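This one's a predicted model, so the numbers in the text were calculated from it and none came from an experiment. Chain identifiers are assigned alphabetically (A, B, ...) following the order of the sequence lines, protein sequences preceding nucleic acid strands; residue numbering begins at 1 within each chain.
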Amino acid sequence: MSDPFDLAEVAPPPAGALAPAPYLNALNPEQRAAVEALDGPVLVLAGAGTGKTRVLTTRLAHLINMRRAWPSQVLAVTFTNKAAREMRERVAALLGGAVDGLWLGTFHATAARMLRRHAELVGLKPDFSILDQDDQLRLIKQVAEPMHLDDKRWPSRVLAAAFDRWKDRGLTPEQIGRAEAEHVADGKGGELYAAYQDRLRVLNACDFGDLLLHCITIFRAHPDVLGQWQRKFRYVLVDEYQDANVAQYLWLRLLAQQHKNLCVVGDDDQSIYRWRGAEVGNILRFEQDFPGATVIRLERNYRSTARILGAASGLIAHNRGRLGKTLRPADAGANDQGAPVEVRGVWDDEAEARLVGEDIEQLQRDGHPLKEMAILVRASFQTRSFEERLLTLGLPYRVIGGTRFYDRAEIRDAVAYLRLVNQPDHDLAFDRIVNLPRRGLGDTSLQALHRIARAQGISLTQAARRVLETDELRPQARRALRDFLAQLDLWRGKLVEMNHVALAETVLEESGYVDMWRVDKSPEAPGKLENLKELVRALAEFENLAGFLEHVSLVSDNEQQAGEDGVNLMTLHGAKGLEFDVVFLPGWEEGLFPHQRSLDEGEAGLEEERRLAYVGLTRARQRAYLSHAANRRVHGAWQSSIPSRFIAELPDEHVARTADSGLYAGHGRGGGLADPESVFAVPAPGSTWDTPGQRRARAFFAARNVTPPAPRENARLAANAAIAVGDRVFHQKFGTGRVLDRDGDKLDIDFQHAGRKKVFDSFVTKA
DNA sequence: GGGTCCCCGTTTTTT
DNA sequence: ACGGGGACCC
């Protein structure tokens, strides 16, 4: 990884004749102001659909076109590779050609690039490897093992999350507060974190958090190094600033301190990654952190109808912690306000999928391409019922997100082989594939290797060589290990002479890894073989093995092949930054959206859910359809729920509300639509609806001094409390059955056809 | 060293 | 309902 750049000070280009800037004419006044405010700290608050990316790319192009800095003196950071790629392409388009030397990339890729130059200052070598989540978990497990933790209470993923959050906040093991370190892992949190960091160093490895954390550590301890970078980057630009964590904020602040030309673009209302360490406070505090900052608001929305904007604005206005923006339609004088946002109540998740399916078919007949429609869900399990429905209807769809290519087990295995060939001392890669396929090297042998490696401070590969000279292993295991090491040496010998693609094929074949899947008769095996072929194809796009491995570490290629028509299915998180003509937002129910886990976190959790709702609504250009189901199967059990509070928060003038008959006030009566208001009916205390969700809903309505309309059939609901063990009952979905047991408001019923189920008593009637 | 059974957890997931 | 992982047994 050699960077062909020099940290020696370079003067900015001479301010000479400027090229004309026709791109400025394509901007509205606020956008133009944001582009032309080149000097000093600038905060661009860009609401959804207000041309954020255009501003960012035009500003970057403008900087270079105005000769304010050489491209190599400009740093532009994004969160995703996709955003970085897009920005690079658009800047090239604006300037009529690719720009060389520009530092444009993700936070992590940029930090990695810097860190490789100074790795030794934090005890690493420049060719350190970057661990992903899976490697990280394995390593933590190893480190935690000798500490005799209760791994039920402190599984490695919980520990990983704790370390990640510390790193997000820019905290090294030495900087963790005592109290905080102690309430992780039964008081051993700090010790474990330090041990993990030490182990990483021994392995010459970093996790994602380290890329930034190590940079900060270096900048703080070595003012000369920091000074070089500060002088180099005359301008710094940041995308999606609302998602920056504290470490990223510190990194930026340190880098921009010299020239103070830091421009951040973001939208506090779209901050949805708090759980991953994003700190909305960064953007809220920008003006205090960077005195004299220019603040520019982009509020002209070019995407959505007035009604969609009205609904979204009305919703987000319920949040307290925000800077405050109001989205206006760019075409404010237009007569057409657009269709109201539709809110529909349905019986259950199947009905919801049917309804959405019908709408999609109708919209398609009306001329909307399927790829212009999206179903945005809160949690990924929700996609299932829609997939089933779309399959039934024969409508093509694509699920965006899900397991990424490089996260697949077979790809990770193959990559581990390549890593181990490339870096003999990569212990995690060694661990992963030493007995895959089975070579007869089980736990006992591996433990011996680990023990030796640990005791002598050497890598597993080295330990393996030593152990062969002893009689520590049984002859069988020793032979297997010797053969394996010999193979590795053979492959390594070919690194120079052989082309890396051919080498990869050789390794995968000769190791027996491919054969392992050829022999495998499970239904997944053919797909896995296909993926391995794809991996080899991907390898061909890189110059050498090392370049490929760096790509694997830092780039998650989750790009979907666009082009083909199909409905888009994804989570709300996955939809950020995208837009569609029509957006379906199912599952707006208390407990699911807002999610119970967020509600448990209190006000901050709730506000983040609300921002997520806002993100969802603002994805829609023309139409948005919300829905909520009264019943839903969650983890196998039926659950009943009430509409999300967010539905009640939508301003009436932009919304049309309908619900299937009698949904929240008894059920089973046919015909027509219920009074729309009945959707919000909340029953009297003590009724069978006395569930946590109901209690929250009552508290919510009470706090707002809203009297929810009385349910119409309270008498009948109340009667359900009288259903006793032994009664014969009728359920809409499961038919008739006999009550075997009662647990609070849940009945254990043996249905004639549907078998034994647990259901809420409010959903059955005496038969 | 390898297979089987049971129990737990199950929101979101850029790098 | 369901999968992954750990404990337990052969």
Side-chain angles (χ1 to χ4, degrees), chain A residues 77-85 105-112 130-138 141 151-153 155-158 160-161 164 167-168 206-212 239-240 242-245 247-248 271-278 376-384 400-404 406-407 409 435 438-447 474 476-477 480 524 550-559 570-577 587 591-601 605 608-609 611-613 615-616 633-638 757:
Chain A
V77 282
T78 63
F79 279 85
T80 64
N81 291 297
K82 188 177 163 209
R85 202 181 319 127
T106 63
F107 272 100
H108 290 88
T110 311
I130 301 164
L131 306 190
D132 61 22
Q133 216 169 7
D134 200 81
D135 292 332
Q136 187 192 22
L137 288 176
R138 285 159 165 263
K141 205 173 289 175
D151 61 359
K152 282 278 189 298
R153 276 192 52 202
S156 47
R157 59 181 175 76
V158 172
D164 283 346
K167 292 182 181 185
D168 288 343
C206 264
D207 65 19
F208 284 124
D210 283 338
L211 294 173
L212 285 140
D239 190 17
E240 304 273 23
Q242 77 283 351
D243 288 335
N245 59 36
Q248 287 156 339
S271 169
I272 54 174
Y273 286 112
R274 192 177 84 103
W275 50 277
R276 217 161 44 189
L376 310 181
V377 297
R378 175 64 182 86
S380 47
F381 77 86
Q382 290 172 264
T383 55
R384 208 217 49 198
I400 316 250
T403 309
R404 289 190 296 260
Y406 288 112
D407 283 342
N435 200 31
R438 299 256 138 86
R439 298 186 170 88
L441 291 162
D443 260 4
T444 334
S445 315
L446 286 189
Q447 268 167 19
R474 289 186 310 185
Q476 248 184 322
E524 302 86 45
E550 179 86 352
H551 169 87
V552 175
S553 294
L554 289 170
V555 181
S556 84
D557 260 357
N558 213 10
E559 286 303 286
M570 69 192 92
T571 64
L572 285 159
H573 285 89
K576 196 165 93 164
L592 179 59
F593 191 36
H595 198 278
Q596 188 57 48
R597 297 278 273 260
S598 297
L599 292 171
D600 292 343
E601 290 166 21
E608 177 141 318
E609 294 282 306
R611 291 192 290 267
L612 198 49
V615 167
R633 245 182 126 106
V634 184
H635 310 142
W638 282 96
K757 310 258 179 215

Protein-nucleotides 1-8 of chain B N/O pairs closer than 3.5 Å?
from, atom 1, to, atom 2, distance (Å)
B:dG1, OP1, A:Gly442, N, 2.9
B:dG1, OP2, A:Asp443, N, 2.9
B:dG1, OP2, A:Thr444, N, 3.3
B:dG1, OP2, A:Thr444, OG1, 3.1

So which protein nitrogen or oxygen atoms get under 3.5 Å of nucleotides 2-5 of chain C's nitrogens or oxygens?
none

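- Stacking between A:Trp275 and B:dT12 is present: the aromatic ring centre lies within less than 5.5 angstrom of the base six-membered ring centre, and the two planes differ by under 30 degrees.
- Using a 4.0 Å cut-off between charged nitrogen and carboxylate oxygen, A:Asp243 and A:Arg274 do not count as a salt-bridge pair.
- Heavy atoms from other residues, nucleotides or ligands lying under 6.0 Å from CD of A:Glu601 number more than 12.
- For A:His108 and B:dT13, the NE2 to C1' distance is 12 Å, given to the nearest whole Å.
- A stacking contact between A:His573 and B:dT13 is absent: the pair does not combine a ring-centre distance of less than 5.5 Å to the base's six-membered ring with planes differing by less than 30°.
- Straight-line distance from the OH atom of A:Tyr273 to the C1' atom of B:dT13: 7 Å, rounded to whole Å.
- Rounded to whole angstrom, the span from the CG atom of A:Asp243 across to the P atom of B:dT13 amounts to 13 Å.
- A sub-4.0 Å separation between OP1 or OP2 of B:dT12 and a side-chain N or O of A:Ser598 is absent.
- With rounding to whole Å, A:Gln596 atom CD is found 16 Å from B:dG9 atom C1'.
- Backbone-only engagement by A:Ser380 is indicated by non-hydrogen atom pairs under 4.0 Å involving sugar-phosphate atoms exclusively.
- A close approach under 4.0 Å does not occur between any side-chain nitrogen or oxygen of A:Arg378 and OP1 or OP2 of B:dT11.
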